[in-house]
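Both backbone and side-chain heavy atoms feed into the values below; hydrogens, waters and symmetry mates do not.
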Amino acid sequence: MTNSSEAGWPTLDAEDEVALLRPLVFAEGAGLPLALWADLARALSGHPWTAQDVSMYRNQTGELLVETQTQAGAAYRLRAPGDRSGERQTQQTITSALLAAVPLDGGSGHRNWSAAAPYIVDHLAAHAAKAGVLDELLEDAEYLVHAAPRGLLRAINTPGSAQGRVRRSIYRASVHVHATASLPERRDILAIDAARHGETSLAGELSRGRPWRPRWATGSMVRPALRFTRTGLGVDAAACTVIDGRPHAVTGCYDSSIRVWDMVDGTERLVITEDDGVYALDCTEIDGRPHAVAGTCSGSLRVWDLDTGAERFALKGHKGWIRAVGCTVIDGRPHAVTAGEDRLVRLWDLVDGSERARMHGHTDEVRAVAFAEVAGRPVAVTGGYDNTVRLWDLEDGAERAVLTGHTSAVYSVACTVVDGIPHAITGSGGERAARVWCLTDGSERAALGGHTSWITAVRCVDLGGRPHVLTAGDDCTVRVWDLTENTERAVLTGHQGYPDVLACTEMDGRPYAVSGGHSTSPRVWDLNDAVLPAARHGHTGIVQTAGAVKIDGRPHAVTGGDTTIRVWDLADGTERRTLSHGHRVEALACTTVDGRPSAAVGGCCGAARAWDLAAGIELRNLPGLDHQVETVAWADVKGRPHAVTCDQDRTIRVWSLDEDLEHPLFTDRTRSAVRAMESVTVDGRPHLLTGSEDGALRLWKLTGKSRRISATIHTGHHWIRALAVTVLDGRPHALTVGGNDTAVQVWDLADGTLRSTLARHLSGVVAVACTTRDDRTEAITLDSSGTLHVWDLALARLREEIVLPARAQCVAVVGPDLVIGMGDDVVVLDRNC
């Protein structure tokens, strides 16, 4: 800056102007506010510019700028792009200056992110990523809490260092939940996800100021490959494309909509409303523009321009649902192959909408299509309900081969080249292994077995220059297979329903996949990170039930899920032992028998057992009919603990562990199936309390020859799914959870009256437990949204809420700790001191 103008404003030379404009070259979003513009101008030039200098310059050169009014005030950016040479070094300077602009907390000396300028909260991550220092920024736990989720997600979904991989994975694990949460809720979610990654120190930092903190958690469901989950969206078909240079997913659904969303941050670009449900779709380019080709339930094929949302074609011909759509290029022109309920395979020219061929051969509905080149000719490979895989020559429409061997419907097909030879991979609705076929001779080369249930979808992808296939299964997993060696490379977990849709693409040279289904939200995966292991393994299926017991004087948590019972040292999460139940575990209850920690466990197929948890041995098999044992308990009979089971045949069975009997001590048939049981003392006598499908609470006497049911309370619940017992004011009480009810009822068991209702849940309550702390009785309730509620039971007053990253199924109290079954994971929370 040299002289002053006649108006008293400074006269700037060319160098000054470049220095003042340079911050705007790198401005993100709507642009820089005036104060930060001045800060960055000083940092980049070394000149002591003031906000007044910048303001005066803005007034002189307004034609170069775009001014936007934001909630925080005016923001400025350049009207035309500027010189971005030396960007990395410039971005490093900008990042340092923005960090310096964050106020410090007077007490701790740490950055006070809650007082940071909105531009810093929204866009610091973008600058740090371009400067190559984002991973250092992520070391600040408070930044993870306060950063704008959309900006940070977009930044961390770019490649980073191995150093920052864990922090990135922690943030991404549940960003679909915490992105819209309040700051306290985000703390809870991030802290639990940190514990699931084994980062307990970070979990403690994130829990600062919260009533509860994670002590430890398993990480069976977290995967570093996950980029984000697109919530509120069930999908029945998916494909990937590129729009404006950015990868997008295109999804279709029975709800008659096609949605186009950005695969970097999940933002929705376009919604196309169909006349009918969409079950199959693919993407292609027509005239250089991205298009979606969708098959509907009415049999029409709709072609949509994804730039504008305009419809290009509506092609008629199929009768019934179109179940399969695939796009390919023949003679340089985009084509679609469609098939469905009418058993026909049709070939369409997508430039002029003409039908090129009809291919007959399948004898039942066709469900899948993929493409390959065999002997130099383009072929379509289809699979269907007739259990066959068929090859069709797309130049003349002739059937070239029929591959047989599947024993049930072929739901999915994908093609690739292995060792220079075209292959197809197929998945069947009744088989647990995907089959690999050589397309030159029709032979079956391999079976990829690993899923514990049937295969729902397959998709081929190149990883590291080698052909791989993704398989999705009814076991809620996506598996990655190396087709050169036919070995499983990775298992992607976390879906809370089964995925039956897969799509793949590339982003910045890295392979990505989208997986989802009608019952589970779509997830985006970076397949380069798929082989990275989970932080802490645990259950491989949903944790259905939890309890607690002391072993060697130390408190332990006991959890049941998949087909196992697992015993965990509560202090550090060490898995003490895994007991194989043999069938899916549905219920467990713990107690001490003759000084030995014991568990009664029930499951499907009538399997019920009693275990010595310290020795890891089975004490008794508790035989019953071949019905699911839905609930178990321990009850006092003549001063001795007895195991109690109840299964779907509505029979309560009481078992003594003292004698090696094949039959229960006694049985009693109930009027309605029992869904929950607890032992309770009423009038000084031990009783069994049951909650049934008819909504009734019943008290059972377990001794004597008189009528066993001593009291019945009709709760008004449609059915009772869970209950807990406690003592209030010296009187026994029961807490009941009904069906999908959003309220928990509190009953006085001495006189059968309703004492209070805990009614501030936003969704159906799924579990309840009770504890006593500081002479105050507390109730812990868990709702289906994944929120824990802590109540002062005497006052029926909500005291605390803890938001979980995912839906949980069960909660147990172990002294001052809470043990939660959240999907496949076990989470332990303790009080923050």
With sequence neighbours excluded, tell me which residues meet salt bridge (charged side-chain N to carboxylate O under 4.0 Å, His left out) with D562.
-> none

Kindly write out the residues that satisfy salt bridge (charged side-chain N to carboxylate O under 4.0 Å, His left out) with R459, not counting sequence neighbours, or none if the list is empty.
-> none

What one should report as the nearest heavy-atom pair of P334 and I286 is CG-CG1, 4.0 Å

Taking only residues two or more places apart in sequence, or in another chain, which ones meet S519 in a side-chain hydrogen bond (donor to acceptor under 3.5 Å, both in side chains)?
-> none

No-hydrogen, no-angle side-chain donor-acceptor test under 3.5 Å, T267 and W261 | no

Partner residues of R432 under the side chain to side chain contact (heavy atoms under 4.5 Å, CB included) criterion, sequence neighbours left out | none

With sequence neighbours excluded, residues passing ring pair (Phe, Tyr, Trp, His ring centres under 6.0 Å) with Y171 = H178

Residues in side chain to side chain contact (heavy atoms under 4.5 Å, CB included) contact with A806, at least two apart in sequence or another chain | Q496, M822

When the side chains of residues 414-425 are checked against the rest of the protein, which donor-acceptor pairs come out under 3.5 Å, sequence neighbours left out?
| unit_1 | atom_1 | unit_2 | atom_2 | d |
| --- | --- | --- | --- | --- |
| H423 | ND1 | I421 | O | 2.8 |

Partner residues of Y411 under the ring pair (Phe, Tyr, Trp, His ring centres under 6.0 Å) criterion, sequence neighbours left out = Y385, W454

Taking only residues two or more places apart in sequence or in another chain, which ones pass salt bridge (charged side-chain N to carboxylate O under 4.0 Å, His left out) with E488?
-> R479

Which donor-acceptor pairs under 3.5 Å do the side chains of residues 499-506 make with protein atoms, sequence neighbours left out?
none

A433: what forms a side chain to side chain contact (heavy atoms under 4.5 Å, CB included) with it, not counting sequence neighbours?
-> A447

Taking atom types as modelled, find out whether W568 and T559 have a side-chain donor-acceptor pair closer than 3.5 angstrom.
-> yes

List for me each residue that meets side chain to side chain contact (heavy atoms under 4.5 Å, CB included) alongside R246, sequence neighbours excluded, and say none if there are none.
-> R154, H248, D262, V264

